[in-house]
Amino acid sequence: MLNPKTPRPSTIPPLISGGIMLSYHCTNACRHCLYRCSPKRPNEWMSLEMAERVFAALAREPALESVHLAGGEATLNSELLLAVVQMAIKHDVRLSYLETNAAWCADLDETLRRLARLKEAGLPGLLVSASMFHLEFVPFAHTRNCVDAACQVFGRHNVLIWLPHMYAALDQMPDHHRTWRLSEFCDHFGLARYDERLPGLYQTIPAGRAPEALRKCYTPYPAERFASERCGHDLCSTTHFHIDLYGNLITGFCAGIASGSIDDLHPEITPDRSPIVHTLCEEGPFGLSELAKHEHGFVRRHEGYVSKCDLCYDVRRQLHTTARFSELRPVDYYECR
Ligand code: SF4
């Protein structure tokens with residue numbers, strides 16, 4: 001049964017605000033990462049030719065407000081990053097900021113120098129990630145260097161700390177020059193090791209890597225609990241879209257699903273053209289799991305699921321192995337941990 005209140009989207013609407021993912025390769029494998037970025041993801045980067053196509057396509061979007069630059073960790077490829085900033089300016093696509101995990105900011109002077117080059121190229125601001133999940137990979141001293149240098153280069157109002165209360169918490173850890181495991185962070189603040197409040201401290205969405213890496217923080221439910229949930233709203237949300245290095249369009253927070261591509265950012269959502277997206281819009285992940293059960297022998301996880309996106313990923317991972325669904329991209333999203 002379809003929920004009568006759920007609108008039936010027929011295409012991906014105009015893009016409003018989003019990010020350009022230059023790679024999935026990252027210094028970190030953070031527990032909350034929606035896109036499952038990590039050092040193990042291929043060291044592959046958006047080509048200049050693809051970047052040209054991306055910005056040319058974005059320049060034609062009538063409702064586009066701005067885009068940010070992201071990875072993986074985009075600063076791992078400084079020259080590409082500079083070229084992409086210049087390309088955005090050339091195409092008159094408004095940049096908002098570069099997102100970084102600050103792993104590269106061991107030295108304040110070097111951080112200042114690299115940020116000044118990016119500002120000179122046209123980058124207007126920086127978003128610095130700060131959380132107990134990043135702290136497992138990045139010492140707080142690096143995060144602080146990054147924020148201090150960015151404030152000098154871009155001005156305080158053009159620097160966004162995501163999130164400020166987490167930055168303040170990391171500052172309270174006894175040693176700023178080392179990384180801390182999540183369990184150590186919890187011990188320091190008197191939290192249970194898998195405290196149910198942990199994901200909420202960083203506004204973690206229970207999708208991507210989080211359902212696996214933070215599973216004990218959540219309550220699992222049988223798949224049937226999600227039977228009434230549809231995903232048209234999520235898959236047609238273009239206020240937080242991403243375009244990855246391969247030219248895949250990712251809408252909402254639905255990593256691993258190419259709802260469009262740089263060749264067609266607004267495809268018609270029909271059962272023939274977009275069977276996965278169409279099914280998720282019309283019947284949600286539970287409906288997709290029914291289809292996968294009948295047609296591909298999918299078996300639901302006995303222990304249950306912590307969210308509809310947890311169920312969705314389990315089904316998609318099985319469907320990916322059939323190599324029949326071109327929407328399930330990039331393929332290594334389903335093969336990495
Ligand atoms: S269940 Fe799947 S399609 Fe729906 S919001 Fe989550 S990831 Fe996106």
Side-chain angles (χ1 to χ4, degrees), residues 19-30 33 35 37-39 41 43-48 50-52 54-55 66-131 133-164 166-168 170-171 173 175-180 245:
I20 311 300
M21 299 177 70
L22 300 182
S23 179
Y24 287 98
H25 192 67
C26 191
T27 50
N28 301 6
C30 295
C33 186
Y35 303 94
C37 297
S38 87
R41 297 295 293 271
N43 194 4
E44 293 177 2
W45 294 83
M46 183 176 279
S47 67
L48 290 177
M50 175 60 79
E52 280 282 0
V54 168
F55 284 108
S66 64
V67 289
H68 64 269
L69 301 176
E73 178 52 39
T75 60
L76 288 170
N77 194 334
S78 306
E79 294 311 311
L80 173 65
L81 189 50
L82 281 167
V84 167
V85 170
Q86 288 160 345
M87 214 178 274
I89 309 286
K90 184 180 93 178
H91 285 277
D92 208 16
V93 170
R94 187 170 163 255
L95 283 180
S96 46
Y97 55 79
L98 162 69
E99 186 174 346
T100 182
N101 64 25
W104 52 284
C105 302
D107 181 81
L108 183 61
D109 289 340
E110 174 66 5
T111 307
L112 279 164
R113 194 187 62 75
R114 289 182 65 179
L115 288 179
R117 269 187 89 197
L118 285 163
K119 174 150 195 263
E120 209 177 289
L123 185 72
L126 200 70
L127 180 148
V128 186
S129 302
S131 78
F133 304 133
H134 296 88
L135 189 63
E136 294 197 279
F137 301 91
V138 181
F140 178 69
H142 295 206
T143 309
R144 190 176 49 203
N145 279 343
C146 191
V147 170
D148 290 350
C151 287
Q152 278 194 50
V153 171
F154 298 106
R156 179 65 190 93
H157 295 302
N158 295 312
V159 179
L160 185 63
I161 300 172
W162 189 261
L163 286 161
M166 283 273 86
Y167 185 86
L170 304 193
D171 194 16
M173 295 300 286
D175 183 345
H176 292 168
H177 296 278
R178 52 161 284 198
T179 56
W180 294 85
L245 65 151

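The residues of the chain are indexed from 1 along the displayed sequence.
Between S129 and V138, the closest side-chain pair of non-hydrogen atoms is not below 4.5 Å. L127 places none of its side-chain heavy atoms less than 4.5 Å from the side chain of H68. When side chains are defined from C-beta on, R144 counts as touching D171, because their heavy atoms get closer than 4.5 Å. Side-chain contact check for H177 versus P139: every heavy-atom pair is 4.5 Å or farther apart. For the pair L48/L80, a side-chain contact is recorded, criterion being any heavy-atom separation below 4.5 Å from C-beta on. For the pair W104/H142, no side-chain contact is recorded, criterion being any heavy-atom separation below 4.5 Å from C-beta on. Counting heavy atoms from C-beta outward, Y167 and V147 have side chains that approach closer than 4.5 Å. For the pair E136/T179, no side-chain contact is recorded, criterion being any heavy-atom separation below 4.5 Å from C-beta on.
Of the inter-residue distances, the one linking N101 atom CG with T27 atom OG1 reads 4.0 Å to the nearest 0.5 angstrom. With rounding to the nearest 0.5 angstrom, the SG atom of C30 is 10.0 Å from the CG atom of L135. Summarising the geometry, atom CE belonging to M50 is positioned 11.0 Å from atom CD1 belonging to I20; distances are rounded to the nearest 0.5 Å. From D148, atom CG reaches atom SG of C105 across 10.5 Å, with rounding to the nearest 0.5 Å. Atom CG of N43 and atom OG of S23 lie 6.5 Å apart (nearest 0.5 Å).
Considering N77, L123, L118 in turn, L118 is the only one that fulfils the side chain to side chain contact (heavy atoms under 4.5 Å, CB included) rule with L82.
The 12-atom threshold is not exceeded at CD of E120, counting heavy atoms of other residues, nucleotides or ligands nearer than 6.0 Å. Within a 6.0 Å radius of CG in D175, more than 12 heavy atoms belonging to other residues, nucleotides or ligands are found.
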Evaluation steps, side-chain contact (heavy atoms from CB on, under 4.5 Å), between C146 and T100: CA-CA 9 Å; C146 191; T100 182; 3.9 Å; yes
Derivation of the side-chain contact (heavy atoms from CB on, under 4.5 Å) call for Y97 and N158: CA-CA 8 Å; Y97 55 79; N158 295 312; over 6 Å; no
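Nearest heavy atom pair, residue A130 against residue T143, reads CB-CG2, 4.0 Å. The two residues A70 and E99 come nearest to each other via the heavy atoms CB-OE1, 3.9 Å. A102 and V128 make their closest contact through CB-CG1, 4.2 Å (heavy atoms, listed as atom of the first residue, atom of the second, distance). Nearest heavy-atom pair, N145 versus L108, reported as atom, atom and distance to 0.1 Å: O-CD1, 3.6 Å. Summarising the geometry of E52 relative to M87, their closest heavy-atom pair is N-SD, 3.4 Å, with the distance given to 0.1 Å. Taking every heavy atom of both residues into account, Y35 and R41 meet most closely at O-NH1, 2.9 Å.
In this model, no donor atom of one side chain and acceptor atom of the other lie less than 3.5 Å apart for T75 and R114.
The closest donor-acceptor contact from the side chain of E73 to the backbone of N28 lies at 3.5 Å or more, if one exists at all.
Classified by interplanar angle (parallel below 30°, tilted 30° to 60°, perpendicular above 60°), the ring pair W45/H25 is perpendicular.
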